[in-house]
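Here is the structure we will look at, set down as structure tokens.
Position 1 is the first residue of the sequence; numbering continues from there. What you are looking at is a predicted structure, and each value in this text was computed from that prediction instead of being measured. All values below were derived from every heavy atom in this structure, side-chain atoms included, with hydrogens, water molecules and symmetry-related copies excluded.
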Amino acid sequence: QVQLVESGGGLVQAGASLRLSCAASGRTFGTSTMGWFRQAPGKDREFVAAINWSGGDTTYAGSVKGRFTISRDNGKNTVYLQMNSLNPEDTAVYYCALARLRAPSLAATRYDYWGQGTQVTVSS
């Protein structure tokens with residue numbers, strides 16, 4: 001069984017930065033793809049970023065490319081999302097997820113485990 005716990009969300013002003021963390025339990029973290037998704041009020045959950053098991057392959061949504069960076073520390077069973085130049089459109093609940101895949105995937109249906117989410121609110 002895998003448990004994912006996100007942290008690092010909060011209320012910030014436009015232009016600020018935040019770093020989200022997701023700590024994973026279980027033995028599959030080091031061989032799994034990790035992803036970040038977000039869901040804004042009244043909208044569907046959307047893909048943000050994903051990273052493969054080694055950290056050598058990443059992919060991003062177009063809306064965050066160049067501003068957000070996903071990384072992982074397999075020794076700490078933790079994945080991170082560094083978010084820079086935040087704007088109000090980034091306001092959402094952010095979820096991390098684990099997929100038993102070797103390569104990153106944009107599809108939420110490919111992910112097997114999900115965290116409870118952490119709120120990010122960006123004021124203008």
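The two residues A99 and S32 make their nearest non-hydrogen contact at O-CB, 3.3 Å. Contact record, E6 with G115: OE2-CA, 3.3 Å, taken as the closest heavy-atom pair. The two residues L4 and A24 make their nearest non-hydrogen contact at CD2-CB, 3.5 Å. Nearest heavy-atom pair, G55 versus R72, reported as atom, atom and distance to 0.1 Å: N-CD, 3.9 Å. The two residues T59 and P104 come nearest to each other via the heavy atoms CG2-CB, 3.8 Å. Contact detail for G117 and V93: the closest heavy-atom pair is CA-CG1, 3.8 Å.
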For this session: Before giving the answer on side chain to side chain contact (heavy atoms under 4.5 Å, CB included), spell out for L86 and V12 the whole-Å C-alpha distance, their side-chain angles and the decisive distance to 0.1 Å.
Result: CA-CA 8 Å; L86 287 162; V12 297; 3.8 Å; yes
For this session: Please assess Q3 against Y113 for the test side chain to side chain contact (heavy atoms under 4.5 Å, CB included), listing each intermediate value before the final yes or no.
Result: CA-CA 7 Å; Q3 290 188 324; Y113 299 96; over 6 Å; no
Problem set entry | Verdict with supporting geometry, K76 and S21, side chain to side chain contact (heavy atoms under 4.5 Å, CB included) | CA-CA 11 Å; K76 295 182 178 180; S21 299; over 6 Å; no
Exercise. What do the steps show when you test T33 against Y111 for side chain to side chain contact (heavy atoms under 4.5 Å, CB included), and what is the final call?
Worked result: CA-CA 9 Å; T33 280; Y111 288 80; 3.7 Å; yes
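Using modelled atom types and a 3.5 Å distance limit, the side chains of E89 and T91 yield no donor-acceptor pair. D73 and T78 form no side-chain donor-acceptor contact under 3.5 Å, judged by distance and modelled atom types alone.
Annotation: side chain of L20 is not in contact with side chain of Q82 (no heavy-atom distance under 4.5 Å). Side-chain contact check for F47 versus Y60: every heavy-atom pair is 4.5 Å or farther apart. Using a 4.5 Å cut-off on side-chain heavy atoms (C-beta onward), F68 and D90 make contact. Q119 places none of its side-chain heavy atoms less than 4.5 Å from the side chain of L11. The closest side-chain heavy-atom distance from S63 to R38 is below 4.5 Å.
Taking hydrophobic clusters as Ile, Leu, Val, Met, Phe, Trp and Tyr residues chained together by side-chain heavy-atom distances below 4.5 Å, Y95 does not share a cluster with V120. Hydrophobic clustering, with ILVMFWY side chains joined whenever heavy atoms are under 4.5 angstrom apart, groups L81 together with I51. No continuous path of ILVMFWY side-chain contacts below 4.5 Å connects V79 to F37, so the two sit in separate hydrophobic clusters.
Rounding to the nearest 0.5 Å gives a distance of 9.5 Å between CG of N84 and CG of L18. The CD atom of E46 lies 14.5 Å from the CH2 atom of W36; values are rounded to the nearest 0.5 Å.
Remark: the backbone N or O of R100 is paired with a side-chain donor or acceptor of D112 at under 3.5 angstrom. For the pair R67 (side chain) and S85 (backbone), a donor-acceptor distance under 3.5 Å is present. Remark: the backbone N or O of D57 is paired with a side-chain donor or acceptor of N52 at under 3.5 angstrom. Counting only distance, with no hydrogens or angles, the side chain of N74 and the backbone of W53 share a donor-acceptor pair below 3.5 Å.
For the pair R45 and W114, the cation-pi criterion (under 6.0 Å, within 45° of the ring axis) is fulfilled. Both the sub-6.0 Å distance and the 45° axial angle are satisfied by R19 relative to the ring of Y80.
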